[in-house]
Protein chains: 2
Amino acid sequence: MGAGAEIQDDATDEYGIPIIPDPADAASRKRRAIIDAALAEFLAEGYSAASMDAITRGSGVSKATIYKHFGSKERLFLAVIGGVLPKTYADLEPSDSTLADAPDLRAALLRLTTDRARILLRPDIMSLRRLVIGEMDRFPQLGQLWYRVSYDMNNGPLVEAFTELHARGTLDAPDPVLAVQQLVAATVGVPQLVRTFSPDAEISDEELTRVIGSGVDLFLARYAVRP
Amino acid sequence: MGAGAEIQDDATDEYGIPIIPDPADAASRKRRAIIDAALAEFLAEGYSAASMDAITRGSGVSKATIYKHFGSKERLFLAVIGGVLPKTYADLEPSDSTLADAPDLRAALLRLTTDRARILLRPDIMSLRRLVIGEMDRFPQLGQLWYRVSYDMNNGPLVEAFTELHARGTLDAPDPVLAVQQLVAATVGVPQLVRTFSPDAEISDEELTRVIGSGVDLFLARYAVRP
DNA sequence: GTCTATACGGAGATAGAC
DNA sequence: GTCTATCTCCGTATAGAC
């Protein structure tokens, strides 16, 4: 196939001026093409069964170029997965800081956990998660990275918010770190476990909101301070 | 190497009577040796990186024999993992039926979830779990089997007990299936998630009982009926 | 920087003797 | 049923021209 972006060396712009591609730009475009093809191949086949030949075909560049850029299959894998992890979690950054000042705590928690569940249950992210888990023995760095990224971008801000709410007397959470783990486990964790072992399980929107809502209620039954 | 069980054709018993090995016994002993070596290799390397040559060396039989018994690498993998899954979960069968009649519900739940956590956090079972998750795309049957085994042997009896306790008015669990999922998620699920992405994380006994205890309290705050 | 062509080993699987 | 010896292919990685 080789449907990659071929470079037209005699291309001209709208005024007929020949476009001389910056070599650095061409190189980074190829780099992108390699990374995209490699990610698709690794997600589809796993690390060991992934073939550098297949990545070569998918990227449209030669195999030697891939090795010039990344050195080895292992380094390519780490670069690709390590690069995509932060981008993946960046999707769910917002709406955390508003939590401490939300008028309706239940509604705020519901929105936050539901958003998080919707993203983490996406098939592409579930596949990435399975891939990282399956390669933990070979690449323990990725587990550490996953945990750190997940913590920095999600649990961390929540812990801060819970600490604040505890100080204000709105929440009875003397161990905010554990409280966050439990909230996430009781909400997102439930459908995530189902999808982990049954990737094609249909989870309707009604079902999801019901489960998440019940998890938030479970959390509040223990941690909310009633007047 | 080949440290497998070699057959001594001229062996005699304590009375000097020659032992004529039953061919069927010899065959099933070799079968065992193959399965053991294959399990070790698959756990260590994953499916794709596992080598049939390595399994051959580890089992002490010839490669042709392995293929006569199992036909292909895929079939060997399914037979080995599918065979070990039920045995793995069989360890935690007992102590469920006592739950409905336990005098102290909290203590009973604590014991049950702690036992379950201790087993599921064992390194060999965590490795098996990672292997199954990582190969979900290639072998979806194993995900179904894992879920079914886990459910039949653990969640199922718990659901029955919760239904009974709900009928008696001891528990306020109109959706016992969800209640069980939440209990497991809030207790076992928390340290399990940590170990999933950080296999060598030390979890002290005190820490484990603290986390599990807090999870049980969270559960009871919502579901226990207070007079 | 990028390509084509190739080196070299190890993979899964089988033929045929016993 | 089990073995030894071998087939065939595809894997990663690189040499050398441009």
*Asks:* Is there a side-chain contact between B:L109 and B:L99 in this structure, where contact means two heavy atoms from C-beta onward sitting under 4.5 Å apart?
*Replies:*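 Side-chain contact under 4.5 Å: yes.
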*Asks:* Would you tabulate the nitrogen or oxygen pairs shorter than 3.5 Å linking the protein to nucleotides 13-15 of chain C?
*Replies:*
unit_1, atom_1, unit_2, atom_2, d
C:dA13, OP2, B:Y67, OH, 2.8
C:dA13, OP2, B:K73, N, 3.0
C:dA13, N6, B:K63, NZ, 2.8

*Asks:* Distances under 3.5 Å between protein N/O atoms and the N/O atoms of nucleotides 7-9 of chain D, please, pair by pair.
*Replies:*
none

*Asks:* Send over the distance from A:F70 CZ to C:dG1 P, rounded to a whole Å.
*Replies:*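 My rounded result for the distance is 12 Å.
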*Asks:* Output every pair passing ring-ring contact (aromatic ring centres under 6.0 Å, His included) with a member in residues 48-72 of chain A, not counting sequence neighbours, ordered by first then second residue.
*Replies:*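 As it turns out, there is no ring-ring contact (aromatic ring centres under 6.0 Å, His included) pair with a partner in residues 48-72 of chain A once direct neighbours are skipped.
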*Asks:* Identify the residue among B:I66, B:T56, B:L39 that makes a side chain to side chain contact (heavy atoms under 4.5 Å, CB included) with B:I34.
*Replies:*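 When side chain to side chain contact (heavy atoms under 4.5 Å, CB included) is applied between B:I34 and each of B:I66, B:T56, B:L39, only B:I66 qualifies.
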*Asks:* Look at A:T65 and C:dC3 and indicate whether a side-chain polar atom (N or O) is within less than 4.0 Å of OP1 or OP2.
*Replies:* yes
*Asks:* Regarding A:R31 and A:D36, does a basic nitrogen lie under 4.0 Å from an acidic carboxylate oxygen?
*Replies:*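 Here A:R31 does not pair with A:D36 in a salt bridge, since their nearest N and O are not under 4.0 Å apart.
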*Asks:* Can you tell me if A:S48 and A:R138 form a side-chain donor-acceptor pair at under 3.5 Å?
*Replies:* yes
*Asks:* How many Å lie between CZ on A:R75 and C1' on D:dT12, as a whole number?
*Replies:*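 Answer to the nearest Å: 16 Å.
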*Asks:* Quick one: on DNA chain D, does B:K68 or A:A49 contact a more 5' nucleotide (nearest heavy atom)?
*Replies:*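 Looking at the nearest nucleotide for each, B:K68 comes out on the 5' side.
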*Asks:* In whole angstrom, what separates A:E45's CD from D:dC10's P?
*Replies:*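 After rounding, the gap between these two atoms is 14 Å.
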*Asks:* For the residue pair A:M126 and A:Q192, establish whether any side-chain heavy-atom pair is separated by less than 4.5 Å.
*Replies:*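 A:M126 vs A:Q192: side chains touch.
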*Asks:* Picking from D:dG11, D:dT2, C:dT4, which would you name as closest to the side chain of A:S51?
*Replies:* D:dG11
*Asks:* Under 4.0 angstrom, heavy atoms only, what part of the nucleic acid is B:A50 near: base, sugar-phosphate, or nothing?
*Replies:*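 Here B:A50 touches the backbone only, sparing every base.
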*Asks:* In whole Å, what is the span from the CD1 atom of A:I66 to the P atom of C:dG1?
*Replies:*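 Nearest whole value for this atom pair: 16 Å.
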*Asks:* Answer yes if the ring centres of A:F162 and A:F219 are under 6.0 angstrom apart, and no otherwise.
*Replies:*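 Yes, the ring of A:F162 comes within the 6.0 Å limit of the ring of A:F219, centre to centre.
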*Asks:* Fit a plane to each ring of A:F77 and A:F139, take the angle between them on a 0 to 90° scale, and name the class: parallel (under 30°), tilted (30 to 60°) or perpendicular (over 60°).
*Replies:*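 Tilted: the ring planes of A:F77 and A:F139 meet at 30° to 60°.
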*Asks:* Grab the CZ-C1' distance between B:R57 and C:dA11 for me, whole Å please.
*Replies:* 12 Å
*Asks:* Have A:S214 and B:Q182 got a donor and an acceptor in their side chains that come within less than 3.5 Å?
*Replies:*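 Their side chains do contain a donor-acceptor pair, which is all the 3.5 Å distance test asks for.
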